[in-house]
Amino acid sequence: MISRSRQRAFVPMVAPAFAFLLTFVLGPALYAVWISLQETAGYGEARFVGLRNYVRLVGDPIFHQALLNTLKLLVIAGGATFLIGFALTMVLREMRGRLIARNVLFFPNIVSALVPAIVAGFLFNPDGLVNTILRGVFGVEDPPKWLSVDNTFALIMIVAIWAAVGYYTTIIMAAVDRIPRYFYEDCALMGANAWQRMRHVTIPLSWDVFSVCALLWTISSIKVFELVLVFGGGTAGMPPNKTWTVALYSYAATYGGSGSPPELGMTAASALFSLLIAALIVLLLRRALDREAIQF
Amino acid sequence: MRTTRSLAPMRAAVWTIVAANVALLAWVVITSLKTTRDVFDHPWRLPIPPTLDNYLTALEVGNFGRAAVNSVIVGLVSSVLAVVIAAPAAYALSRTMNRAGRPLTLLFALGTGVPTQVILLPIFLMLSSLELTSTLTGLTLAYIGTAMPFTVFLLTGFFRSLPGELEEAAALDGAGAWTTFLRVVLPVARPGLVTVFVLQLIVSWNETMLALVLMQETERETLPVALIGFAQQQQYTGTNWGGMFAGICVVVLPMIALFAWVGRRVTDGLTLGMGK
């Protein structure tokens with residue numbers, strides 16, 4: 001009786017959500033594959049070009065740069081975020097006021113990435129606050145050109161780490177908090193030091209959450225967009241190629257507006273290409289991080 | 001405790017970072033109350049008397065008032081509807097009622113991995129053929145749709161963590177699946193639903209790429225679009241940093257207030273869908 005009523009309710013319960021998923025996520029993703037095989041400006045006629053857009057991507061130095069930047073975000077900023085998050089967890093868990101501290105560290109996460117990007121322009125421009133302090137207080141004659149094209153992406157990564165660290169700390173902290181106290185009491189009895197406790201209890205028992213973190217970071221790093229779009233205060237057009245991420249490349253192919261006609265096929269192809277690379281990385285990560293879950 | 005001594009310098013470092021974050025936020029708010037001249041000439045001076053001129057600039061020149069209204073409407077409506085649509089689906093999937101359950105759950109999970117740039121053009125073309133671009137309805141629909149993977153995924157994990165006894169008792173009393181869901185499960189699930197609603201509200205409030213592409217009329221733009229527009233406008237006229245900081249505050253402060261109010265729901269929510 002219970003099951004029959006549930007069977008009948010299943011379709012009407014799931015259908016609306018599934019319809020939205022199909023209409024706005026899965027359907028569009030499939031349609032993007034079709035667009036990626038065409039040469040079209042969105043108006044006029046579209047020409048089927050097969051894989052030519054993908055071939056162009058493989059040979060496009062700007063796309064290489066964008067991909068490299070995204071991979072930097074993924075590996076360097078991701079690694080740093082994770083290590084800092086883990087270190088913060090270790091410090092915070094035995095600290096008074098831990099929740100307040102954690103919540104303050106979390107707040108950049110709920111702020112639009114546009115905000116630190118614009119504020120960075122104010123702080124780091126040649127006559128900005130940072131250089132004023134460096135000149136005035138520390139007597140630095142020739143402060144660094146923070147926002148020169150070569151330095152911008154490093155700053156972008158630092159802001160990305162700052163914004164994400166609280167989020168990952170929260171996740172890691174929840175995992176570490178689930179580890180029963182008696183494991184640590186055992187450690188104390190056996191005279192294990194801090195490093196051994198971490199190596200033999202904390203890390204193995206929160207391992208599954210580490211792989212979740214890696215997955216989440218991979219997904220979010222290919223989405224990094226508005227932080228780069230306006231970093232340094234916003235330029236009227238697109239920011240310099242050297243700072244582009246794959247999301248920016250995809251956006252610019254259609255909406256770059258530098259006089260060249262929109263190339264919808266390139267937008268779709270580059271977005272799918274980077275999604276494919278992210279999917280490969282996810283698979284590799286899962287392989288590398290896959291260990292049998294420890295029950296406790 | 002055991003490691004108390006060795007961690008003392010680390011603790012000091014953590015509190016320094018925490019203090020720096022608070023100071024940064026306070027500095028942004030204070031700066032928004034200064035005249036543009038004081039912003040540069042006296043970066044450390046308190047704005048006495050504080051001026052609200054920057055906010056007038058932000059409202060009049062930067063269109064932040066209209067944009068804030070749009071953001072509130074789109075954010076609230078899309079987040080409420082996303083939860084209303086996702087909750088029954090997540091419940092049905094969490095109690096896997098038939099063989100379709102597993103692959104469907106997987107499809108929703110896969111959807112979380114699709115970045116906006118992939119679906120940007122198809123959504124634009126679809127909404128534009130329905131004449132829904134530059135309408136709040138269009139953006140709201142797009143936000144509900146793109147919220148589905150995440151909300152269903154989180155809520156499925158949440159419903160799984162609820163014990164099934166109450167539902168069995170309800171079923172013994174002859175209640176059908178819908179009655180059980182509406183009368184028994186939903187009241188118990190309120191914390192999870194509120195969490196997902198708040199998370200979704202934050203996501204839609206800050207969403208930029210879709211809003212930028214779909215909302216090309218100033219009258220219909222949301223806050224992130226207004227902020228970008230204001231920043232770009234300043235390129236030609238010389239940056240009005242006072243107005244800019246006021247605009248930033250309009251974007252940031254509602255979220256800070258929300259977080260201060262229901263922050264625990266947000267941080268608890270991050271681990272909702274992860275099982276255990």
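Letters go in sequence order (proteins before strands), and every chain restarts at 1. Below, each value reflects all heavy atoms present in this structure, side chains not excepted, and no hydrogens, waters or symmetry copies.
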How long is the straight-line distance from [atom2] of [Y] back to [atom1] of [X], given to the nearest 0.5 Å?
X        : Y        : atom1 : atom2 : value
B/Ile228 : A/Ser112 : CD1   : OG    : 7.5 Å
A/Tyr251 : B/Leu121 : OH    : CG    : 11.0 Å
A/Phe10  : B/Leu93  : CZ    : CG    : 5.0 Å
A/Thr254 : B/Leu120 : OG1   : CG    : 7.5 Å
A/Leu114 : B/Leu227 : CG    : CG    : 5.5 Å
A/Ile118 : B/Ile248 : CD1   : CD1   : 5.0 Å

inquiry  = For B/Leu182, is the CG atom crowded, meaning more than 12 foreign heavy atoms sit under 6.0 Å from it?
reply    = yes

Under 4.5 Å heavy-atom distance to chain B, tell me which part of [X] shows up: side chain, backbone, both or neither.
X        : result
A/Leu92  : side chain
A/Ile133 : side chain
A/Arg96  : backbone
A/Ile222 : both
A/Ser250 : side chain
A/Trp34  : neither
A/Leu88  : side chain

Taking the side chain as every heavy atom from C-beta outward, state whether [X] and [Y] have any atom pair closer than 4.5 Å.
X        : Y        : answer
A/Ile219 : B/Pro115 : no
A/Phe107 : B/Met255 : no
B/Leu141 : A/Phe20  : yes
A/Val25  : B/Met148 : no
B/Trp27  : A/Leu123 : yes
B/Leu212 : A/Tyr255 : no

What pair of heavy atoms forms the shortest contact from [X] to [Y], and how long is it?
X        : Y        : answer
A/Val91  : B/Met10  : CG2-CE, 3.5 Å
B/Ala177 : A/Ala9   : CB-CB, 3.5 Å
B/Pro149 : A/Leu21  : CG-CD1, 3.7 Å
A/Leu275 : B/Gly113 : CD1-O, 3.4 Å

Which of the residues [options] is involved in the greatest number of heavy-atom pairs with chain A at under 4.5 angstrom?
options                                : answer
B/Ile85, B/Asn21, B/Val18              : B/Asn21
B/Leu125, B/Val114, B/Leu107, B/Val266 : B/Leu107
B/Ala142, B/Ala86, B/Gly111            : B/Ala142
B/Val152, B/Ile144, B/Val251, B/Thr146 : B/Ile144

Using non-hydrogen atoms and a 4.5 Å limit, figure out which bit of [X] sits close to chain A: side chain, backbone, both or neither.
X        : answer
B/Val118 : both
B/Leu104 : side chain
B/Trp15  : side chain
B/Phe108 : both

request  = Quick one: do A/Leu264 and B/Phe124 satisfy side chain to side chain contact (heavy atoms under 4.5 Å, CB included)? Show the steps, please.
outcome  = CA-CA 11 Å; A/Leu264 277 60; B/Phe124 174 80; over 6 Å; no

Report the option among [options] that has the most heavy-atom pairs separated by less than 4.5 Å from atoms of chain B.
options                                : result
A/Gly166, A/Ser220, A/Pro28            : A/Pro28
A/Val282, A/Val111, A/Asn193, A/Leu22  : A/Val111
A/Val119, A/Asn103, A/Leu272, A/Thr218 : A/Asn103
A/Pro16, A/Ala269, A/Ala101, A/Ala279  : A/Ala101

ask   = With ring centroids as reference points, do B/Tyr143 and A/Phe24 lie under 6.0 angstrom apart?
value = no

Chi angles and distances behind the side chain to side chain contact (heavy atoms under 4.5 Å, CB included) call for B/Trp205, A/Ile110 = CA-CA 9 Å; B/Trp205 184 267; A/Ile110 58 166; over 6 Å; no

inquiry  = Would you call the rings of B/Phe245 and A/Phe122 parallel, tilted or perpendicular, taking 30° and 60° as the class edges?
reply    = perpendicular

ask   = Any sub-3.5 Å donor-acceptor pair from B/Gln117's side-chain atoms to A/Ser270's backbone N or O?
value = no

task = Report yes or no: does B/Asn206 contribute a side-chain atom to a donor-acceptor pair with the main-chain N or O of A/Ala113 at less than 3.5 Å?
result = no

